[in-house]
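Here's the structure, in structure tokens; my notes come after.
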Amino acid sequence: MRFDILTLFPAMFQGPLTESILKRAQQAGKIVIHLHDIRQWATDRHRTADDTPYGGGAGMVMKAEPLAAAIRAVRAADAHPGLTVLLTPDGELFTQSMARELATLPRLLLVCGHYEGIDERVRATLIDREISIGDYVLTGGELAAMVVVDAVARLVPGVIDSESIVEESHSDFLLEYPHYTRPAVWEGLEVPPVLLSGHHGEIARWRRAERLRRTMTRRPDLLARAAAAGVLTKADLALLAEWGWQPERQD
């Protein structure tokens, strides 16, 4: 999968994109990441990429000309034009299901907004989708782009062991079960005996129950979504009922 990141600050990406799983995925040829400095498409000697907003007000706005030229040039650099995504607080909330969807694409272009945002005419004509990583505002879209690349890349086949993502948090609206490793007793705290039993069926049942318990306690909103999606089994619902949880009625 190819990622193209259009940004005013390409140096911000050097650490996050060159370590750990993303580094190994690039070395193995599973993903390719290209950084593009939007200022390269500015036409004045100062490489100006922003200007004051019409109508007045605080802050600056990313100019239409260099950004549009950058998007068009980067799209043309590969046979697959790709999906052009703007990282913006106004966008659709980024979720694990969206990450899975994007991981099926051959190419993704991520446009990092900055300042007060981008000229609306570019937004209306050259942006295919808008994504937000949360209900808060960052100084720019660079950190959001890093989050999207990391979340999507790890789902590309071959990047990590497929078994590692089957029961992780948000894979099916449920949070992940607790994990333990050696030693079996640490500062007087013991690993749950079932995990030392070697009984795979009991371990699986314990883990499922812990996923349900943790989701009910920490994110009951996800549990309601799991019920609505038909993810919960009769055994799950019976166990949750014992704990006092009931799915919301749909009138």
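As a basis for the values below, the full set of heavy atoms in this structure was taken, side chains included, without hydrogen atoms, waters or symmetry mates. Bear in mind the structure is a predicted one, so any value in this text is a computation, not a measurement.
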Check your understanding: Could you give the distance from CG (L6) to CG (D37), rounded to the nearest 0.5 Å?
Key -> 9.5 Å
Practice item. Considering non-hydrogen atoms only, spot the tightest contact between L222 and T215 and give its length. Key: CB-CG2, 3.9 Å
Practice item. Please examine the side chains of I5 and H34, heavy atoms only from C-beta on, and report whether any two atoms are closer than 4.5 Å. Key: no
Check your understanding: In the hydrophobic clustering (ILVMFWY, side-chain contacts below 4.5 Å, transitive), which residues join V194, or is it alone?
Key -> Y180, V191, L195, L196, I203, W206
Point to revise | Contacts of A224 that satisfy side chain to side chain contact (heavy atoms under 4.5 Å, CB included) - sequence neighbours left out | key: none
Review point. Between V147 and L143, is any pair of side-chain heavy atoms under 4.5 Å apart?
Key: no
Check your understanding: With a 4.5 Å limit on heavy-atom distance, are the side chains of R129 and L102 in contact?
Key -> yes
**Study point:** Validation row: F173, D221 side chains within 4.5 angstrom (heavy atoms)
**Key:** no
**Study point:** Close side-chain approach of F94 and L87, heavy atoms under 4.5 Å
**Key:** no
**Study point:** N/O donor-acceptor pair under 3.5 Å between S132 side chain and D90 backbone
**Key:** no
Check your understanding: Hey, mind stepping through T84 and L126 against side chain to side chain contact (heavy atoms under 4.5 Å, CB included) and telling me if it holds?
Key -> CA-CA 7 Å; T84 303; L126 293 173; 5.8 Å; no
Review point. Say you draw a straight line from CH2 of W243 to CZ of R213; how long is it, rounded to the nearest 0.5 Å?
Key: 4.0 Å
Review point. Would you say the side-chain atoms of R2 pair up with the backbone N or O of V32, donor to acceptor, closer than 3.5 Å?
Key: no
Practice item. Give the C-alpha distance, both sets of side-chain angles, the deciding distance and a yes or no for side chain to side chain contact (heavy atoms under 4.5 Å, CB included) between I131 and L86. Key: CA-CA 6 Å; I131 291 177; L86 173 66; over 6 Å; no
Review point. Any donor and acceptor pair, going by atom type alone, linking the side chain of D51 with main-chain N or O of K63 inside 3.5 Å?
Key: no
Check your understanding: Is the number of heavy atoms from other residues, nucleotides or ligands under 6.0 Å of R121 CZ greater than 12?
Key -> no
Practice item. Please name the pair of heavy atoms, one in C112 and one in A145, separated by the smallest distance, quoted to 0.1 Å. Key: SG-CB, 3.8 Å
Practice item. Answer yes or no: is there a side-chain heavy-atom contact under 4.5 Å between V85 and D128? Key: no
Review point. Should we count OH of Y54 as having more than 12 external heavy atoms under 6.0 Å?
Key: no
Check your understanding: Can you name the nearest heavy-atom pair linking I118 to I127, along with the distance?
Key -> CD1-CG1, 4.4 Å
Revision key, fill the gap. CH2 (W186) and OG1 (T181) are apart, to the nearest 0.5 Å, by 13.0 Å
Check your understanding: Would one find more than 12 heavy atoms of other residues, nucleotides or ligands at under 6.0 Å from atom NE2 of H179?
Key -> yes
Review point. Do you know the tightest heavy-atom contact between M12 and P16?
Key: O-CD, 3.7 Å
Check your understanding: Would you call L155 and Q96 a side-chain contact if the rule is heavy atoms closer than 4.5 Å?
Key -> yes
Point to revise | Distance, nearest 0.5 Å, that separates OH of Y177 from CD of E210 | key: 11.5 Å
Review point. For the side chain of Q26 and the backbone of L22, is there at least one donor-acceptor N/O pair under 3.5 Å apart?
Key: yes
Check your understanding: Linking I/L/V/M/F/W/Y whenever any side-chain heavy atoms sit under 4.5 Å apart, do Y136 and M98 land together?
Key -> yes
Exercise for review: Determine yes or no for a side-chain-to-main-chain donor-acceptor pair under 3.5 angstrom, with T217 supplying the side chain and R214 the backbone.
Suggested key: no
**Study point:** salt bridge (charged side-chain N to carboxylate O under 4.0 Å, His left out) partner of D236, chosen from R205, R211, R208
**Key:** R208
Revision key, fill the gap. Taken to the nearest 0.5 Å, the spacing of I33 CD1 from D4 CG works out to 10.0 Å
Study note, to complete from the structure: With sequence neighbours left out, the residues meeting ring pair (Phe, Tyr, Trp, His ring centres under 6.0 Å) with H46 are none
Check your understanding: Would you say R39 and L8 make side-chain contact, with heavy atoms under 4.5 Å?
Key -> yes
Exercise for review: Determine whether more than 12 heavy atoms belonging to other residues, nucleotides or ligands lie under 6.0 Å from atom CG of D135.
Suggested key: no
Practice item. Could you grab the distance from atom OG1 of T88 to atom NE2 of H114, nearest 0.5 Å is fine? Key: 13.0 Å
Review point. Taking all atoms of both residues into account, what is the closest heavy-atom pair of A226 and L174, and its distance?
Key: CB-CD2, 4.1 Å
Revision key, fill the gap. Here the pair of heavy atoms bringing T18 nearest to K23 is O-CD, 3.3 Å
Review point. Can you check whether D50's main-chain N or O pairs, donor with acceptor, with T48's side chain at less than 3.5 Å?
Key: no
Practice item. Answer yes or no: is there a donor N or O on one side and an acceptor on the other, between the side chain of R107 and the main chain of R75, under 3.5 Å? Key: yes
